[in-house]
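For reference, the structure is listed below as structure tokens.
For the single chain, residues carry numbers from 1 onward in sequence order. Just so it is clear, the structure is predicted and the values come from calculations on it, not from any experiment. Remember, it's 1-based here, ligands and their atoms both numbered in the order they're listed.
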Amino acid sequence: MEKDGAVTVQEALDRLLQAAPPRPGIERIPTQQARNRYMAEPVQAQLSMPSYSASAIDGIAVRSEATQAASPHTPMKLREGEDFAWINTGDPIPAWADAVIMVEHVNVEGEGCVAITRPASSFQHVRQTGEDVAAGEVLLSAGQKIRPVDQAVLLAGGVWEVPVLTRPLVTIIATGRELVPPGLEPQRGEIVEFNSTLLGETLREWGAITRYGGIVPDDPALIRQTLEHALEQSDLVIVNAGSSKGAKDFVPSVLKEMGTLLVHGVSARPGKPAALAVVAGKPVLGLPGYPVSAYLGLEWFAKPWIRKWRGERTSHEEEVPARLSQPVHTRMGAEDHLRVRLLAGPDGNWDAIPLTKGAGVTFSLSQADGWIKVPADSSQWTAGKNVSVRLTRPLSLLRDRILVAGGDAPALDILLSAWSKQSGRAVARYVTGMQDALDRWRKGTCAAVVVETDGTDTLPECEERDTDLSHALPLGDVTWGWIVQKGNPDAIVGIQDWHRSDLHWILPPSGHSGRIFLEKAAVYAGVSIPLHRKEEPSYLKAAAAVYGEGAAAAWGIAFAEYADTVDFLPIARRRLSLLVTPSLLKETEGEILLQLLQDQPLRKVLQRSGLDKPTIIRG
Ligand SMILES: Nc1nc2c(c(=O)[nH]1)N[C@H]1C(S)=C(S)[C@@H](COP(=O)(O)OP(=O)(O)OC[C@H]3O[C@@H](n4cnc5c(N)ncnc54)[C@H](O)[C@@H]3O)O[C@H]1N2
Ligand code: MOO
């Protein structure tokens, strides 16, 4: 693999486009099936629409010059068949007529006789031949993406078939003996194969036809054989995983053997070990196995290659300026692509909150609102830095979203998704410390804060203990405590066990209420913060980590669904309330929330997820 910094993403892309340029074809397809295809050549209307002059209204067809004497004082009588003919909207105008008078302006005087009180002007209420589309007009130019409105105009102009660019056919091959197809429950050591769906569906959104090449074990001969077969039928082939330095990472060497390995390793993360090759004149992308790395590799190489297939010079991705809400640290020598979540400020500015850097966290791809790029020559960006965010969701949706910051509990997702469903607005949760959430609430970057009280309207785990909570809506009570291995084999009793170095402790991040509670309790109990500890931002992730790792205990919330996997030792009760921006509370959204909190079936579901109806909290 080339050293860090040896090949930039741009340089790698240039090599690929040079060595294996796209070669689109042209095909003629029925206009009705052409949605989302790209015009290969300009198209002219074959027919005029309408192809005859037609009445635009219901009324009578007349010769305008014969009506000039009509006025309210001197109504003019007209005889059917001589001076006028009844006509409906869309009917051809008789050859002898040149105008239409609205039925509302016509007085019927008797059989075959009407009177009019105003003259008609020439061409009045007449749709000229070709008013919509005139034969010979260029309807669409080369390169245009065909939308339903374009299909309509093509058909109006008598274009039954359109010349469009063929779509690139891309085959995706997944490699790895550990992979199992979706639908099968993975055993220990097995991973559900979802990258093909991630890559394939993204490629289809970009206009490619995709073929699933299956799961191939890490075996050079089999990888080669599958690749050969795929290359015969495809314009571009993607081989996923096996691109790094492990004993089973055969993709780069197979590509080298079969053709020209143009690049192995780019100076960008995640996605660093990407391998690009040309085999039998066709491009092959060897993308790393981690989903985020594979996805970025697709964006860096497949997207511009497809864009070039269509002859597009520029990308139309939406970017917004934002302020970084916390510092980011990266390693020099390679550019870093970070997923961020965006919080809208009242001043129209955006706060960008970096999400995990983990290349294996698919969920963060789904949660991210956009990407920021830290250049290879930077290693540290401070909070408040102005950044440009490449959006992954429409800006209008982000502006409309109700953002709820603050404490965590599994039941909150259930409650907030019910709120979203009933209110018709997206609701997103941002788990953070109480102080941070309250600061954001005051700045207006979130609409509501989940506060954790001890039931006495004070915030014990917050610097601002005296925040006015009189308007906060009580959501319910939760129990905090230790999530431990099933059967509590390590015999954890309480806070006093915290000093034990034979256990790995999983804690909420610094500043989160649960963490502050624990640290205060530890001081009170005279125990020091344990050495072996790691942080998990959500209680469900903490529980999953306890289940998956031996000798671990996590601070968390009582939740019935743990039952089969872990045990729970209760330690303290907390009341969760929602501090909602007064204006939002007065809107329909506020009313809906109040109704939901009274909804008995929903309360039962919330209770199963550990959120009891507010009761008196003891101790
Ligand atoms: N000693 C080193 N180890 C690693 C390095 C390195 O430089 N030195 N690079 C790391 C980086 S960076 C990346 S990225 C990964 C890339 O690894 P591979 O391309 O070889 O991919 P695998 O190891 O086979 O898989 C990684 C991970 O992703 C899962 N995976 C693979 N395919 C799929 C799929 N189709 N669907 C879902 N998940 C998939 C796979 O099971 C692994 O868990 O290497 C680092 N290592
Ligand atoms: O490049 Mo790897 O994709 O950093 O995680």
Side-chain angles (χ1 to χ4, degrees), residues 1-9 12 170-203 210-220 222-223 226 230 237-255 261 263-277 284-301 329-339 355-366 371 373-374 376 548:
M1 193 161 97
E2 295 176 54
K3 278 193 167 165
D4 274 7
V7 182
T8 61
V9 168
V170 186
T171 299
I172 299 141
I173 302 165
T175 70
R177 210 173 279 278
E178 78 284 12
L179 301 175
V180 291
L184 293 183
E185 192 171 332
Q187 305 301 307
R188 191 173 162 75
E190 291 181 341
I191 295 270
V192 178
E193 200 288 289
F194 54 80
N195 280 359
S196 297
T197 303
L198 168 67
L199 303 177
E201 293 302 303
T202 306
L203 285 161
T210 55
R211 228 188 104 246
Y212 181 48
I215 300 172
V216 186
D218 313 283
D219 173 329
L222 284 177
I223 296 174
T226 314
V237 177
I238 291 173
V239 197
N240 188 215
S243 69
S244 191
K245 295 179 176 168
K248 295 178 182 168
D249 293 338
F250 300 118
V251 170
S253 55
V254 168
L255 291 177
L261 185 63
V263 170
H264 182 205
V266 289
S267 56
R269 277 182 298 250
K272 197 158 53 89
L276 310 186
V284 182
L285 312 183
L287 301 181
Y290 281 129
V292 181
S293 317
Y295 182 80
L296 277 174
L298 199 74
E299 288 216 326
W300 295 335
F301 307 117
H329 304 280
T330 55
R331 268 185 292 144
M332 298 264 277
E335 66 188 22
D336 279 86
H337 294 251
L338 307 181
R339 286 140 273 172
L355 299 173
T356 173
K357 285 196 208 133
V361 190
T362 322
F363 199 12
S364 64
L365 274 182
S366 151
W371 294 91
K373 184 162 79 179
V374 184

From [options] - option closest to [atom] by heavy atom:
atom	options	result
atom 3 (O) of ligand 2	A268, S293, A359	S293
atom 19 (O) of ligand 1	P273, G286, S243	S243
atom 31 (C) of ligand 1	G289, G265, A174, A275	G289
atom 7 (O) of ligand 1	S244, A359, G176, G360	S244

When rounded to the nearest 0.5 angstrom, what is the spacing between [atom1] in [X] and [atom2] in [Y]?
X	Y	atom1	atom2	value
L296	F301	CG	CZ	10.0 Å
Y295	L365	OH	CG	7.0 Å
E178	K248	CD	NZ	7.5 Å
S267	D336	OG	CG	10.5 Å
F250	L255	CZ	CG	13.5 Å

Do the non-hydrogen side-chain atoms of [X] and [Y] ever get within less than 4.5 Å of each other?
X	Y	answer
L276	L285	yes
E190	L184	no
P181	E193	no

Please classify the [X] to ligand 1 contact at 4.0 Å (heavy-atom distances, strictly less than): side chain, backbone, both or neither.
X	value
E178	side chain
D249	side chain
V251	neither
I215	neither
S293	side chain

| task | Might you confirm whether atom CZ of F363 has over 12 heavy atoms from other residues, nucleotides or ligands at distances under 6.0 Å? | result | no
| message | Restricting to non-hydrogen atoms, name the atom on H264 and the atom on A275 that form the minimum distance, rounded to 0.1 Å. | response | CD2-CB, 3.9 Å
| field | Taking every non-hydrogen atom, the tightest pair across A230 and R211 | value | CA-NH1, 4.1 Å
| message | Taking distance alone, with N or O pairs closer than 3.5 Å, would you say A241 contacts ligand 1? | response | no
| query | Got an N/O contact under 3.5 Å between S196 and ligand 1? | reply | no
| field | Proximal ligand 2 atoms for K272, defined as those under 4.0 Å from one of its heavy atoms | value | 1 (O), 3 (O)
| field | Enumerated ligand 2 atoms positioned under 4.0 Å from heavy atoms of P273 | value | 1 (O)
Atoms of ligand 1, numbered as shown, that sit under 4.0 Å from any heavy atom of [X]:
X	value
G242	18 (P), 19 (O), 20 (O), 21 (O), 24 (O)
E193	34 (C), 35 (N), 36 (N)
P288	14 (S), 16 (C), 19 (O)

| request: Name the closest protein heavy atom to atom 4 (O) of ligand 2, giving the residue it belongs to and the distance to 0.1 Å. | output: P270 CA, 3.5 Å
| said: How far is atom 2 (Mo) of ligand 2 from the closest protein heavy atom, and which atom is that? | reply: G271 N, 3.6 Å
| query | Does P288 come within less than 4.0 angstrom of ligand 2, counting non-hydrogen atoms of the residue? | reply | no
| said: If the contact criterion is a heavy-atom separation under 4.0 Å, does V192 count as touching ligand 1? | reply: yes
| message | Please identify which of these residues, I172, I173, T226, V170, meets the side chain to side chain contact (heavy atoms under 4.5 Å, CB included) condition with V237. | response | I173
